[in-house]
Amino acid sequence: MTTTGDRQTARFQPAGLFVPLITPFAADGSIAADALEQLARRVLDEGASGIVALGTTAEAAALTVAERAQVLDICARVCGERAAPLIAGAGSNDTAASADALAGLAAWPEVSAALVVVPYYNRPGEAGVREHFRVLATESPVPLIIYNIPHRTGQALGWPVMRELAQLAGIAGVKQATGGVDQDTVAMLGDRAPGFSVLAGDDAYAPALLALGAAGAITASAHVRTREFARLAETWKQERVTEARQLGHGLARLSMALFAEPNPTVIKAVLYHLGEIPTPAVRLPLLPASAASTEAALTAAAQPAMASQPATGP
């Protein structure tokens, strides 16, 4: 069995498609464990490199401690059987509490890395963010993937500071979700630190970041049309530009439909209509997706991402 020390010192380099799984709920409000397990198996079988448990898409903030452990148990079992990497969401805007949450991941040896958000709300400044991640990277039993999403956290984190963090042995990469392709993202992808993976984190912009050299993507939209999202990452890796470009345009349109309302409401509605989860329920403060957004997303999901059979070369 892999030891805690081995898990930290072995340099995990995430690449390809990672699906941040929803948490399906049964009619009585409990976690639909069988549906979650089937989803995890299905996305891996359809080409995902790995999965993310307890991310924002999982409504992790609305789950109890016991429910979070249940989700990790299920995802760890599936990833263990498939020899697939499991990334677990952990951490908050408090460094000490984040360190405790990360320490708890030692109970799941299948966890390859932790997705840890930039401290939100208290806006500690870039120096505070740097120290936050330095401490966590030193203490965590697993490597960290920084979740950089400034429009949610209220805290910018530019490439100069990120590059310093990229040098730390305990940091494997970043989920870059800045709401576009900004100057720091361009600089990051043009000056990539060795062993530091940049993963696209905004679904609609994932094709653009992959085109610029991102190692992969953490993409909630890939619950739907998983094979094509996995192929998108692979085509850019293989520099099959014409195919990748056309595929990316189609999948970006699908992503925009799936994110027409707060995530994961539309994705859950679509999965429910497709018969993959028992209810489309979300927990407050989220509200279920509207009928109009659900219908638009179902229509987008039914349309082929590729207009014709792609050429094999660039």
Using a strict 4.0 Å threshold on nitrogen-to-oxygen distance, state whether [X] and [Y] make a salt bridge.
X	Y	answer
Glu37	Arg41	yes
Glu67	Arg283	yes
Arg227	Glu46	yes
Glu243	Arg231	yes
Arg134	Glu164	no

I'd like to know if the side chain of [X] and the backbone of [Y] have a donor-acceptor N/O pair within less than 3.5 Å.
X	Y	answer
Lys268	Ala281	yes
Ser112	Ile87	no
Asp203	Ser255	no
Arg130	Leu165	no
Arg123	Gln155	no
His223	Ala220	yes
Asn93	Pro119	no
Ser290	Ser293	yes
Gln13	Phe196	no
Thr235	Leu232	yes

In the structure I gave you, are the side-chain heavy atoms of [X] and [Y] within less than 4.5 Å of one another anywhere?
X	Y	answer
Thr56	Pro20	no
Val198	Leu212	no
Leu199	Val174	no
Met188	Leu209	no
Asp73	Trp108	yes
Val186	Val181	yes
Val52	Leu21	no
Pro150	Asn148	yes

If you round to the nearest 0.5 Å, how far is [atom2] of [Y] from [atom1] of [X]?
X	Y	atom1	atom2	answer
Leu44	Thr226	CG	OG1	9.5 Å
Phe229	Leu254	CZ	CG	5.0 Å
Glu276	Ile22	CD	CD1	8.5 Å
Cys75	Leu86	SG	CG	6.0 Å
Leu247	Leu251	CG	CG	4.5 Å
Ile277	Phe25	CD1	CZ	9.5 Å

Is it the case that the side chains of [Y] and [X] hold a donor-acceptor pair, with the cut-off being a distance below 3.5 Å and no angle test?
X	Y	answer
Gln176	Thr185	yes
Thr23	Glu59	no
Asp94	Ser92	no
Thr57	Asn263	yes

Does atom CZ of Arg163 have more than 12 heavy-atom neighbours from other groups under 6.0 Å away?
-> yes
Flag if over 12 foreign heavy atoms under 6.0 Å of CG, Asn122 |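 Result for CG/Asn122: enclosed.
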Of all heavy-atom pairs between [X] and [Y], which one has the smallest distance, and what is that distance?
X	Y	value
Pro288	Val282	N-CG2, 3.8 Å
Ser49	Pro85	O-CD, 3.1 Å
Ala166	Ala193	CB-CB, 3.8 Å
Gly80	Glu110	CA-CG, 4.2 Å
Ala27	Thr279	N-CG2, 3.7 Å
Phe133	Ile171	CB-CD1, 4.2 Å

Treating Ile, Leu, Val, Met, Phe, Trp and Tyr as nodes and any side-chain heavy-atom pair under 4.5 angstrom as an edge, say whether [X] and [Y] lie in one connected cluster.
X	Y	result
Leu210	Met256	no
Val135	Val117	no
Leu63	Leu286	no

Evaluate the side chain to side chain contact (heavy atoms under 4.5 Å, CB included) criterion for residues Lys175 and Leu115: first the C-alpha distance (whole Å), next the side-chain angles of each, then the deciding distance (0.1 Å), finally the verdict.
-> CA-CA 8 Å; Lys175 177 184 178 183; Leu115 181 64; 4.0 Å; yes
Between Thr178 and Ile149, is a side chain to side chain contact (heavy atoms under 4.5 Å, CB included) present by the stated rule, with each step listed?
-> CA-CA 5 Å; Thr178 58; Ile149 183 164; over 6 Å; no
Mind running side chain to side chain contact (heavy atoms under 4.5 Å, CB included) on Leu102 and Val116 for me, showing each step along the way?
-> CA-CA 9 Å; Leu102 290 166; Val116 183; 4.0 Å; yes
